[in-house]
Amino acid sequence: MLDVRGLSAAYRLHRALDEVTLRVNAGELVVILGANGAGKSTLLKAIAGLLPACGEITLDGEPLHALPARLRVEAGIALVPEGRGIFGELTVRENLLLGAFPKRARDAEAQSLARVLQLFPRLAERMRQTVRTMSGGEQQMVAIGRALMSAPRLLLLDEPSLGLSPLMCGELFRALARIRETGVSILLVEQNAKRSLAIADRGYLLENGRIRGSGEARQLLDDPVVQAAYLGICPTTQLAKVPQPTVRSGQW
Ligand code: ATP
């Protein structure tokens, strides 16, 4: 599916991504965990083609790194950026239909719309509502729905739970699990490490633009080092000493 090898990106002299290598297998949900400023958004933007980056990106063996963003969408990559990137003055329906603009999505527009409304029934009741008048959670549904309208093979999600109530978060993570079940692969950047690892297959730890560790989601959830660094759980035996994240190099 997605293979990223040696991906580096910089903002002027600041190297925000340093030789990142990762993989998302077909049908997998993979989470990227990292502190503020670790380079998570930069990584997703570089994969989507919104930032210049060096390295290799392939989707099912097809090289993407030289393609502009719109051709990466045609190849099957859809990004839901942090802050959602939806059109607040347009209705839900208009936002969703804009998502089907890529050539790969046009013929399947009606089926995609039906699938999105089945996934988010709340949107079906709000098709004529102006998006800026909706709650944060509803707007996130519109953003994800619009990305799904492009018939992606891989969905990139940048902190979708940011600012949502616990109830809405639960609904969102259940929806992500259902999207994965339909065969769409997901690369998810999340602050909510506990909830995202609970639905993920695997995870990577990103620190200062570098991959510092990776593993099966269940292993990461149980790893005392990950618990201390990302889940806010302090091991009782090591209260005075917060350890550095485990490096499990060469696993993927
Ligand atoms: P957060 O969780 O806070 O969103 P992040 O892990 O997504 O953080 P990035 O937004 O990718 O981190 O930023 C990585 C680094 O690059 C940070 O040090 C940030 O200050 C810097 N950076 C990001 N965007 C720019 C930009 N447009 N110009 C200059 N530096 C930037």
Side-chain angles (χ1 to χ4, degrees), residues 2 4-24 29-57 64-65 68-69 72 77-86 136-137 139-140 143-144 147 154-166 168-169 172-173 176 186-200 202-215 217 220-221 223 225-233 242 244-248 252:
L2 176 77
V4 173
R5 283 190 215 102
L7 196 67
S8 298
Y11 299 102
R12 294 179 183 265
L13 293 179
H14 177 67
R15 201 168 165 94
L17 281 186
D18 195 2
E19 300 275 335
V20 167
T21 292
L22 60 83
R23 155 181 274 263
V24 180
L29 196 161
V30 173
V31 66
I32 306 284
L33 301 177
N36 288 332
K40 305 180 299 295
S41 300
T42 304
L43 173 63
L44 294 192
K45 285 180 196 162
I47 295 170
L50 298 175
L51 273 181
C54 337
E56 210 176 292
I57 304 169
L64 295 185
H65 39 269
R72 297 191 198 193
I77 289 187
L79 169 68
V80 180
E82 193 177 341
R84 300 166 196 143
I86 43 181
Q139 291 191 19
Q140 194 56 262
I144 296 172
L154 173 69
L155 194 56
L156 308 175
L157 293 157
D158 197 350
E159 307 215 3
S161 79
L162 204 68
L164 302 192
S165 67
M168 266 294 175
C169 264
L172 171 78
F173 283 101
L176 297 185
I186 299 178
L187 184 58
L188 170 67
V189 158
E190 254 297 330
Q191 293 276 351
N192 194 331
K194 195 171 178 186
R195 274 205 144 129
S196 51
L197 283 174
I199 59 162
R202 288 187 300 114
Y204 290 89
L205 313 181
L206 189 68
E207 197 186 293
N208 293 327
R210 292 186 181 182
I211 298 292
R212 293 294 187 187
S214 62
L220 293 175
L221 262 177
D223 186 329
V225 175
V226 174
Q227 289 180 346
Y230 300 102
L231 300 171
I233 303 168
V242 177
Q244 295 302 303
T246 317
V247 179
R248 295 199 188 96
W252 308 103

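Just so it is clear, the structure is predicted and the values come from calculations on it, not from any experiment. In listed order, ligands and their atoms are each counted from 1. Along the sequence shown, residues are numbered consecutively beginning with 1.
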Check your understanding: Does a sphere of radius 6.0 Å around CZ in R210 hold more than 12 heavy atoms from other residues, nucleotides or ligands, not counting ones at 6.0 Å or beyond?
Key ->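 No - once you tally the heavy atoms of other residues, nucleotides and ligands closer than 6.0 Å, there are 12 at most.
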With a 4.5 Å limit on heavy-atom distance, are the side chains of [X] and [Y] in contact?
X	Y	result
L43	V189	no
P160	L188	yes
C169	R195	yes
I47	L64	no

Review point. Passes side-chain contact (heavy atoms from CB on, under 4.5 Å), L206 versus I211? Steps please.
Key: CA-CA 5 Å; L206 189 68; I211 298 292; 3.8 Å; yes
Point to revise | Spacing of S41 atom OG and L156 atom CG [to the nearest 0.5 Å] | key: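 If I round to the nearest 0.5 Å, the distance is 11.5 Å.
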Practice item. State whether a side-chain donor-acceptor pair under 3.5 Å links S8 with R15. Key: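 Side chains of S8 and R15: pair found under 3.5 Å.
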**Study point:** Heavy-atom proximity to atom 17 (C) of ligand 1, best of G37, A46, G39
**Key:**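 Among G37, A46, G39, the closest heavy atom to atom 17 (C) of ligand 1 comes from G37.
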Exercise for review: Identify which of E207, K40, Q191 has a heavy atom lying nearest to atom 6 (O) of ligand 1.
Suggested key: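 Among E207, K40, Q191, the closest heavy atom to atom 6 (O) of ligand 1 belongs to K40.
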So which heavy atom in the protein is nearest [atom], and how far is it from that ligand atom?
atom	value
atom 10 (O) of ligand 1	S41 CB, 3.7 Å
atom 29 (C) of ligand 1	Y11 CB, 3.4 Å
atom 4 (O) of ligand 1	E82 OE1, 3.5 Å
atom 3 (O) of ligand 1	N36 OD1, 3.2 Å
atom 15 (C) of ligand 1	H14 NE2, 3.5 Å
atom 13 (O) of ligand 1	T42 OG1, 3.7 Å

Which of the numbered atoms in ligand 1 are below 4.0 angstrom from a heavy atom of [X]?
X	answer
A35	6 (O)
E159	2 (O)
A16	16 (O)

